[in-house]
J.: 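Starting off with a structure, shown below.
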Amino acid sequence: MRPSPRLVAVLATLPLALAACGGGSSSTTPSAPPSIADASADNRPVKAGGTLNIALNADPDALDPSSSTTLVGREVFANMCEKLYDIDASSTLIPQLAASMPELSDDGKEVTIKLREGLKFNDGTPFDAEAVKKSLDRHRTWEKSARQADLAAVTEVTVVDPSTVRLTLTQAFTPLTAQLADRAGMIMSPKALDAEGDNFGANPVCVGPFKFASRTSGNQIALEKSADYYDAAKVKLDKLVYKIIVDPNVRAANLKSGDVQVADQLATNTVKGVQDDPNLSVVSGGGLGYYGMQINIGNVSGSTEKPGEVDTPLGKSPELREAFELALDRDVINKTVYNGLHEADCFPVPLDSPYRPKDLQCPKRDLAKAKQLVQASGVPTPIKVTLTSPNDATNVRLAQVIQQMTKEAGFEVSVQTAEFVTTLEAGRAGKFDVMLLGWSGRVDPDGNLTNIVTTGGSNNYGGMSDPGVDDPIKQAAAETDVAERAELYGSAMRRIQELRSVVYLYHNKYYLGMSKNVAGVQYFKDGLPRFVTAGFTA
């Protein structure tokens, strides 16, 4: 179904012209975004020294691996806090602080991890098995930890010897290595943990190429080259300065002026302008994550608390949630708001994932059926919906498009904007109706599902609680066969689609703008710029 003339007229008033869209409906296999250079192919030599200024699109939450929940926080951690495992350019899991891949017992319930020897934290404290145990136990048990769900299968961490730890699990848990390749696998200095306690995020100390130097809230975060890093000779830059520049146009302008040499998450309407500048380049990453809306259907007192009844039209009615989704056209959203630079989709697992069944179908825009469902609900129109959005220009534009599309089906959407971290706090507390929210993505599909859609997950802001979701996801985590896991994840995703506590819109592609005199940046599908080998060209 093509968008109505009235919708076209409304969208044409937005910053990006609908004329670029065509008029197509959402498709099951949308075309991939245009190809943009791969940063990992840049092997130009770089000189030692210098400060690299990087524009971030939001202010991270606390720089504490246990409690952090933001993508921008992960961007900073990528250069300051190494993990037991990491991914490479092909998204393959590889050892980082671990010396090798984990060794599993026959039943999968014991996982032995050998550690690299001779490493130091950025305060000079030795890295060893005791330090690993201390961090993993904090991730697992601290009441403020957002990693509890990541490591829920772990019941005990045992020090076998100074360079070996053993994890005891309640059941086999295939995604564990992938979890340990993110914040759940970041190891913190035990000396700093003892000194800072709950305030570790104000002065974080890890193993990494750069160490924390300072932070001015809402303004910038500074890291300095670490003399204690085990591979310090590889690190060329003296300093990284992350500057918080929320406005995408200002971020692009600062890149063009040279005030920053790298800009993260370029807004898609600024990508071409950066590409056209002879002094700049654009590289692409990401694709593991997604963006969409969480609809509150059960979060009455906090995402980790027992679900209850939510007294909103969408919260009470799966049929109205279906009507709300059927009023949306994902391809038009992608082309209108994002210049077609993302991948329109309605599921949380990437299109090319081996864990995604090929028969999953996305609904096309069907305004007639949406209106029919609204009428059948008996709820007087217009049906009021409050949509919470981060206050950056791109999210506000997306919210406006959703507002106008759903208006045609009988909804009256009021858009409320707030700082990104504020929206997260409201989400956890259940103080919202519908919320725009994304997830940066993980290499194992469990990381895109468990903590977000299963009962009691800390990021399950919508309060979804259903055995048709929980059970297959739990079963898939205990399986090792890819085909069996894909079938189970497919079952869970079909149920998620029926419940619609999350309405997925697209898979995020990230675009990193850089000065052409910057080289050696690694930028993978996780969308985290790594500057360990970066520097300025000679």
Side-chain angles (χ1 to χ4, degrees), residues 15-16 34 36-39 42 44-60 70-73 75-76 78-79 210 213-225 236-286 337-339 341 390-397 419-420 508-523 527-538:
L16 295 176
I36 291 182
D38 178 1
D42 186 355
R44 292 175 294 162
V46 297
K47 59 187 178 183
T51 296
L52 187 67
N53 295 287
I54 306 124
L56 290 181
N57 76 330
D59 195 15
T70 61
L71 171 60
V72 282
E75 291 186 52
V76 177
N79 298 288
F210 297 90
S214 64
R215 178 174 188 173
T216 305
S217 181
N219 183 21
Q220 70 176 38
I221 298 167
L223 308 183
E224 296 175 348
K225 180 178 178 178
K236 302 302 181 185
L237 291 165
D238 293 327
K239 194 172 184 180
L240 303 179
V241 177
Y242 293 92
K243 298 186 175 183
I244 315 306
I245 305 176
V246 175
D247 188 296
N249 295 311
V250 176
R251 206 155 61 247
N254 281 22
L255 182 63
K256 292 178 180 180
S257 70
D259 288 345
V260 298
Q261 295 80 48
V262 176
D264 89 320
Q265 297 188 55
L266 290 175
T268 50
N269 64 329
T270 66
V271 168
K272 188 176 186 304
V274 172
Q275 283 181 302
D276 289 344
D277 190 311
N279 298 314
L280 304 175
S281 63
V282 177
V283 294
S284 64
V337 182
Y338 304 106
N339 281 357
L341 290 174
N391 61 359
D392 62 278
T394 303
N395 270 300
V396 170
R397 187 162 60 247
E419 295 288 338
F420 175 56
N508 318 53
K509 293 289 289 185
Y510 300 125
Y511 297 95
L512 190 72
M514 298 194 298
S515 298
K516 284 191 174 176
N517 67 337
V518 174
V521 178
Q522 296 175 314
Y523 199 45
L528 308 177
R530 293 161 169 81
F531 300 115
V532 62
T533 59
F536 295 99
T537 56

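Each residue takes its place number in the sequence, starting with 1.
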J.: How many angstroms lie between atom OG1 of Thr51 and atom NZ of Lys225, to the nearest 0.5 angstrom?
T.: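 That separation rounds to 12.5 Å.
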
J.: Side chains of Ile245 and Asn254, heavy atoms from C-beta outward: is any pair under 4.5 Å?
T.: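 Ile245 reaches Asn254 side chain to side chain.
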
J.: Would you compute the distance between atom CG of Asn517 and atom OG of Ser281 and round it to the nearest 0.5 angstrom?
T.: 9.5 Å

J.: Report yes if some heavy atom in the side chain of Ile221 is under 4.5 Å from a heavy atom in the side chain of Ser214; otherwise report no.
T.: no

J.: For a 4.5 angstrom cut-off between non-hydrogen side-chain atoms, does Asn57 reach Pro248?
T.: no

J.: Heavy atoms only: give me the nearest Leu528-Leu71 pair and the separation to one decimal.
T.: CD2-CD1, 3.6 Å

J.: Any chance you could measure Asp238, atom CG, to Glu224, atom CD, to the nearest 0.5 Å?
T.: 9.0 Å

J.: Restricting to non-hydrogen atoms, name the atom on Val282 and the atom on Gln275 that form the minimum distance, rounded to 0.1 Å.
T.: CG2-CG, 3.6 Å

J.: Can you spot which of Asn508, Thr394, Asn269 makes a side chain to side chain contact (heavy atoms under 4.5 Å, CB included) with Tyr338?
T.: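 Running side chain to side chain contact (heavy atoms under 4.5 Å, CB included) over Asn508, Thr394, Asn269 with Tyr338 returns exactly one hit, Thr394.
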
J.: Is it true that atom NZ of Lys516 has more than 12 heavy atoms of other residues, nucleotides or ligands lying nearer than 6.0 Å?
T.: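 Result for NZ/Lys516: enclosed.
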
J.: Quick one: does Leu52's side chain get under 4.5 Å of Val518's, heavy atoms only?
T.: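 In short, these two side chains touch, coming nearer than 4.5 Å.
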
J.: Would you give the length of the straight line joining atom NZ of Lys272 to atom CG of Leu341, rounded to the nearest 0.5 angstrom?
T.: 11.5 Å

J.: Applying side chain to side chain contact (heavy atoms under 4.5 Å, CB included) to Asp59 and Arg215, what does each step give before you reach the verdict?
T.: CA-CA 11 Å; Asp59 195 15; Arg215 178 174 188 173; 3.1 Å; yes

J.: Where do Ile244 and Pro60 come nearest, in terms of heavy atoms and distance?
T.: CD1-CD, 4.0 Å

J.: Is it the case that over 12 heavy atoms from other parts of the model lie below 6.0 angstrom from the CD atom of Glu419?
T.: no

J.: Quick one: CG on Asp264 to CD1 on Ile54, what's the gap to the nearest 0.5 Å?
T.: 9.5 Å

J.: Taking all non-hydrogen atoms of both residues into account, name the closest pair between Lys243 and Asn53 and its distance.
T.: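 Scanning both residues, the minimum pair turns out to be CE-OD1, 3.5 Å.
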
J.: Quick one: does Val521's side chain get under 4.5 Å of Val283's, heavy atoms only?
T.: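 Counting from C-beta outward, Val521 and Val283 never come under 4.5 Å.
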
J.: Looking just at side-chain N and O atoms, do Tyr242 and Asn79 make a donor-acceptor pair shorter than 3.5 Å?
T.: yes

J.: If I compare all heavy atoms of Arg251 with all of Ala267, which pair ends up nearest, and what's the gap?
T.: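 Smallest interatomic distance, heavy atoms only, reads NH2-N, 4.1 Å.
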
J.: For Lys239, I'd like to know if atom NZ has over 12 heavy atoms of other residues, nucleotides or ligands within 6.0 Å.
T.: no

J.: Less than 4.5 Å apart, side chain to side chain, heavy atoms only: is that true for Val274 and Tyr511?
T.: no

J.: To the nearest 0.5 Å, what is the distance between CG (Leu237) and CD (Gln261)?
T.: 9.5 Å

J.: Considering all heavy atoms of both residues, which atom of Leu255 and which atom of Val262 are nearest to each other, and what is their separation?
T.: CD1-N, 3.9 Å

J.: Val46 versus Phe536: any side-chain heavy-atom pair under 4.5 Å?
T.: no

